[in-house]
Amino acid sequence: MKGLTKHSDTEWRIEPTGAMRVPVVIFASEALIRDIDDKVIEQAINVAGLPGIVGAAYAMPDAHWGYGFPIGGVGAFDADAGGIVSGGGVGFDICCGVRTLHTGLDRAAVLAVQKELADALYYSVPVGVGSTGAIRLDHKGMDAMLEGGAAWAVGEGYGRPEDLARIEEQGRMAGADPSQVSDQAKQRQQQEMGTLGSGNHYLEVQAVTEIYDAQIAAAFGLRIDDAMVSIHCGSRGLGHQIGTEYLKRMAVAAPKHGINLPDRELACAPIKSQLGQAYLGAMRAGINCALANRQIITHLARRVFDEFFGTDLELLYDVSHNTCKLEEHVVDGRRRQLYVHRKGATRAFGPGHPDLPPDLRRVGQPVLIGGTMGTASYILVGTEQGMQLAFGSACHGAGRALSRHAATRRWHGRAVQDELASRGIVVRSPSARGLAEEAPGAYKDVSEVVLVAERAGLARRVARLEPLLCIKG
DNA sequence: ATGTTC
């Protein structure tokens, strides 16, 4: 592959040529790099040429082709060096992320009512394209939600204040500017709070099947056979509308900003421009929307678990993999304030980071990696080394190996569902096509992905979880 | 990902 040199068993590099300002660094094994789409490399090279980029353009082991930036991509930019912010570097589903909760139950308790529980969750959590929830937000309520995130949701009665400590940004992203979010984006979201959406989004009940690090698992409260709930979703129609509108505006304004785009999809604006600031304000509002959404879905799931078992769900952690955030990082021995884009890349802060909850600060951040309906999910922990390698970032999931279209040609949704049922995994979904698109075979091997992430030093494995039931968009 | 083709 062009210019790709092997740096170690898990790291591949392309040194800067042409318009590249920094190298490209890809974290992958021999097997993963062999199968990686050439477009991922092209896109990473394009990112490496953007103004103000610091360090390198990174691709995680689950990287695949995305809009402009690769999914599984990380890029950090310095505002004082002409750095940019890019809608394509965040992705359309702003603040898509994963939240995992303890049920206090074991696998056997869930299996005893597996189908009934799946049905109850399926009827309680709205799911699918265009699904709507019971909540209606008026103008004032919408702006309060966009400013307050999960903290707003708790104030509205969805969950408890102690949940907030276990959410990135303590449940509320500062600097959100609802006035930079269009009426159309707000309108699309009016009835979509507390809905899961479609695609790879899900609500799963999982069992812990393996512990890799006993000490950290204990700190995270994880034991073999524990039943956990994981919720994977984002900012629904609002985030998508923000992404669509700002990408268009950034592409139009690029010449004015003196930015020459090798690919229109890389549309971006200087951080220190009116448009860049407007996007950051809108994108942060999108982050709050996703945080509030996961908080409300948690409330809906809690009601079901209370009804079935008389038990509560306790939040382990909530972390996003589609954001751009201003963070302090040490680069060549110097502290710098950088705007870190993570698109399909999970924040993975190491031990001691001030942004971690006090009771986990000594241990490191839980890094929640969602697998497919038929494979494992993983909980990793952020490391000191990972802070240096890719600004405290890791993979976000298995990563697609086949396009959605290719997957629908190869699989039938109901057959996928039957096959999973025969393996003891109960799946509920409104969309047969969605199930075909999400067939486990359409993804890379998530176990290989997280093993490579660990060997590369990005994060360390703590526990493996396997699905018992899955509510799927 | 997405009122799955403004």
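Convention: sequence-line order gives letters A, B, ...; per-chain numbering from 1. Only this structure's heavy atoms are used, side chains among them; waters, hydrogens and symmetry mates stay out.
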Over how many whole Å does the gap from Ile71(A) atom CD1 to dT2(B) atom C1' extend? 13 Å

Return the value, rounded to whole Å, for the distance between atom NE2 of His405(A) and atom C1' of dT5(B). 15 Å

Atom CG of Leu247(A) to atom P of dC6(B): distance rounded to whole Å? 16 Å

Just the rounded figure in Å: distance from C1' of dT4(B) to NE2 of His240(A). 9 Å

Rounded to whole angstroms, how far apart are CD on Glu245(A) and C1' on dC6(B)? 12 Å

Taking Ser235(A) for its side chain and Ile94(A) for its backbone only, find out whether a donor-acceptor pair lies under 3.5 Å. yes

Taken to the nearest whole Å, CZ/Phe92(A) to P/dT5(B) is 12 Å

dT2(B) P sits how many Å from Arg236(A) CZ, rounded? 5 Å

Please work out if Glu192(A) contacts a base, only the sugar-phosphate, or nothing of the nucleic acid, heavy-atom cut-off 4.0 Å. sugar-phosphate

How long is the line joining CZ of Arg404(A) and P of dT2(B), in whole Å? 9 Å

Gln206(A)-Ser230(A) side chain donor-acceptor pair, cut-off 3.5 Å: yes

Nearest-nucleotide check on DNA chain B, Lys248(A) vs Gly128(A); residue mapping nearer the 5' end is Gly128(A)

Can you tell me if the side-chain N/O atoms of Thr244(A) get under 4.0 Å from OP1 or OP2 in dT2(B)? no

Full working for side-chain hydrogen bond (donor to acceptor under 3.5 Å, both in side chains) between Arg464(A) and Ser447(A): CA-CA 9 Å; Arg464(A) 171 186 166 98; Ser447(A) 298; 3.2 Å; yes

Mind checking if Gly199(A) touches a base, just sugar-phosphate, or nothing, with heavy atoms under 4.0 Å? sugar-phosphate

Is the His396(A) to His232(A) ring centre distance short of 6.0 Å? no

